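Below you'll find the structure, written out as structure tokens, and then a few comments.
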2 protein chains.
Amino acid sequence: MLKKLSIADIARELNISKTTISFIVNKRAEEKRISPGLVKRVEAYIKEVGYKPNPIAKSLRTGKTNIIGLMVENIADPFFSAVARHIENKAYQSGYKILYCSTDNNTDKTKELLEMFRERNVDGCIIAPPVGVEQEISSLLASGMPVVFFDRHLEGIQTDQVEVNNYESTFEATRLLIAEKYKNIGFITFASSQTQMQGRLEGYRAAVSEAGLKEFILEINFDPDERLIIDPIVDFIKKHPKMDAVLFSAIQAGTNGLKAFQKLGTRVPEDLAVIAFDDCDLFELYNPSITAIYQPIDKIAEATIDLLLKRLHKKAVAGDFKKVVIPTGFTLRHSSKPVAVRKKTVNKKG
Amino acid sequence: MLKKLSIADIARELNISKTTISFIVNKRAEEKRISPGLVKRVEAYIKEVGYKPNPIAKSLRTGKTNIIGLMVENIADPFFSAVARHIENKAYQSGYKILYCSTDNNTDKTKELLEMFRERNVDGCIIAPPVGVEQEISSLLASGMPVVFFDRHLEGIQTDQVEVNNYESTFEATRLLIAEKYKNIGFITFASSQTQMQGRLEGYRAAVSEAGLKEFILEINFDPDERLIIDPIVDFIKKHPKMDAVLFSAIQAGTNGLKAFQKLGTRVPEDLAVIAFDDCDLFELYNPSITAIYQPIDKIAEATIDLLLKRLHKKAVAGDFKKVVIPTGFTLRHSSKPVAVRKKTVNKKG
DNA sequence: TTGAAAGCGCTAACAT
DNA sequence: ATGTTAGCGCTTTCAA
């Protein structure tokens, strides 16, 4: 392994200046009116010896890194990792690499991470922001850093953003349960002031209120330890025996909700009809299958990275921010309507 | 937003040299015997104005980037994203950031990505390698880049690696099915010459052969389009009506296998007993619950990043590579043993 | 049409 | 105990 060649080595070898080579390498030969002969000779030599400009030196000089900072709540979350995958694809196609990090919705950690993005000179950021970092994001924005929010936004901050129609999704889902004659519809969610969670909560509340029904809301403090999610759900269900349907606000609520049902022997939809926000294989294969609101992850990711790339390529007007709203989809399955003929369940016999 | 301060600004302001400041900032004041008074004055000023050294300039000078390259098959895969999460935690604790990318098991793409890691001067790489990039990895290693393999390795390449005991896992799982008196045990896997998949296949074959039973093997060409996984499974099951048990070699085989069962109306374990490699909520909540071999992802990730950090901190002896084998766990559920008293299933009535 | 040279911000060998 | 200075490899202004 020989030492990597620098532009100076090439210049010396070819007996021409670094400047000329730099122009050729950066495809500015024509603009700089370098003779085609020279261009050919240099390009041939570069290919022959496999010269690649050092991106770090380039960054130091230009201030550009060709790196995008991606900040999600948790990269292990299937939603965020799927978004990351799509973003990665598009970013690499445009020559950008991705530095990722997880916030855990921790404000202090997020602030550090934002500071890191600034120090590292990432060219732009894609962020699913926790509340409480408004000031830091504003400062980042003020310093000229392009920032695109996705999944949620921060009140009072003007920047590009991509979201699904959270309010409408739960509003319609709740109305569907109401149309099926459910009278006591619960909403199981996480305690969060994030905009997307607020939107989902408000959609539910509006539909229930419109129908003159009573609210049953459980707000769980999110914890990676799933027992701390399952147990409150168990308690909530026990506490409200009249509840005949439930809407889960997020995937972790839905899957842990099913685990709670298992503990309690709750029958779906006989004891409790169910609709879940976010879809997954489990909901398709569960018996009975679970009706779900799904987020078109590919569309969300693509809109997000497109917005950022437009900024990076200066195709977007400074100060003119876009808000893209992606509609969710709905997968109607068996958990959300009463069974006409009630079947005997095997569970009770076992 | 003022321009960021450089070490030169501080030097001018404090009327001392850049060198001194550099030593102080890099905690080498004592070693360089800088007077405590000065150290204090400088540190106070630095804190006051919030000076942070520019990591890019530092990288250019030192050749170190404090960036780790993480290369997985697909960051959207729950296994890999969970590994990524754990690695991220540990890496950030040690001051390293992570650049990630997905190979899709595509050789050409992987080669480009490896080249990118080299160009970008990442300090070390964590790689789940596809076959076919032996030469490129060797060259990377030869140039002094620390590389840790995980999930699988590449034949003939000496480097640190972390894996689970694939062979033993499927060997024991198959023996378990044999002990339950299953006679025609199938193995549903993906066509792959990767070491981990080969290990799982061989474990199955050894156990079947030991018991003098017949092999039933389905090798599917992996495709992100799940229909192209489900359909072959459906065909395979139809083609082998005598098959009474099946072992899935990976999560995508298992989940799509259940979808195939759904299409066919296959009853578990009455028609087909099941054990799956990799565990997930679906297997826990499916009816009947699915027995699974699980990979301790936290342990895998920790062993991997530890190995790399040891290299980066020069705590590992050059040329002395470690191979860490993490034992899988086994979650015995209801899909892997005959039901003593056959229950009538509700499915058939509905 | 091409080249010389300054400088991005930092580190470290070499003074003093 | 602290300072001078030469780069790391690149881009770009200015000059020729």
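Worth saying up front: this structure is predicted, and the values here are computed from it rather than measured. Quick note: numbers below take in every heavy atom, side chains included, and nothing from hydrogens, waters or symmetry partners. Just so we're on the same page: letters track the sequence lines, and every chain starts at 1.
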From B/Ile34, B/Ile16, B/Val25, residue fulfilling side-chain contact (heavy atoms from CB on, under 4.5 Å) relative to B/Val42: B/Ile16
By nearest-nucleotide position on DNA chain C, the 5'-leaning member of A/Lys18 and B/Ala57 is A/Lys18
Does A/Thr62 place a side-chain N or O at less than 4.0 Å from the phosphate oxygens OP1/OP2 of D/dT11? no
To the nearest 0.5 Å, atom CG of B/Asn54 lies from atom CG of B/Leu5 at 12.0 Å
Tell me whether the OP1 or OP2 atom of D/dT11 has a side-chain N or O from A/Ser22 closer than 4.0 Å. yes
Heavy atoms from other residues, nucleotides or ligands near NZ of A/Lys40 exceed 12 (cutoff 6.0 Å): no
N/O (side chain, B/Ser35) to phosphate O (OP1/OP2, D/dT2) under 4.0 Å: yes
Counting just side-chain N and O atoms, does B/Tyr51 come under 4.0 Å of either OP1 or OP2 of C/dC10? yes
Think A/Thr20 has a side-chain N or O under 4.0 angstrom from the OP1 or OP2 of C/dG3? yes
Check whether any side-chain nitrogen or oxygen of A/Arg61 sits under 4.0 Å from OP1 or OP2 of D/dC8, and answer yes or no. no
With a non-hydrogen cut-off below 4.0 angstrom, is A/Leu60 in contact with a base, only sugar-phosphate, or nothing? base
Using a 6.0 Å cut-off, check whether atom CD of B/Glu134 has over 12 heavy atoms from anything other than its own residue. yes
Are the charged groups of B/Arg152 and B/Glu73 less than 4.0 angstrom apart, N to O? yes
Please pick, from C/dA12, C/dT11, D/dT2, the nucleotide with the shortest atom-to-atom distance to any side-chain atom of B/Thr19. C/dA12
Once you round it to whole Å, what is the distance between P of C/dT2 and CD of A/Glu30? 13 Å
Check every atom of C/dG3, D/dG9, D/dT2 against the side chain of A/Asn54 and return the nucleotide holding the closest atom. D/dG9
Base, sugar-phosphate, or nothing: which does A/Ile56 touch, judged by heavy atoms less than 4.0 Å apart? nothing
Among C/dG3, C/dA12, C/dT1, which nucleotide has an atom closest to any side-chain atom of A/Arg33? C/dT1
Of all the choices, D/dG3, D/dG7, D/dG9, which nucleotide is nearest to the side chain of A/Ser6 once you look at every atom? D/dG9
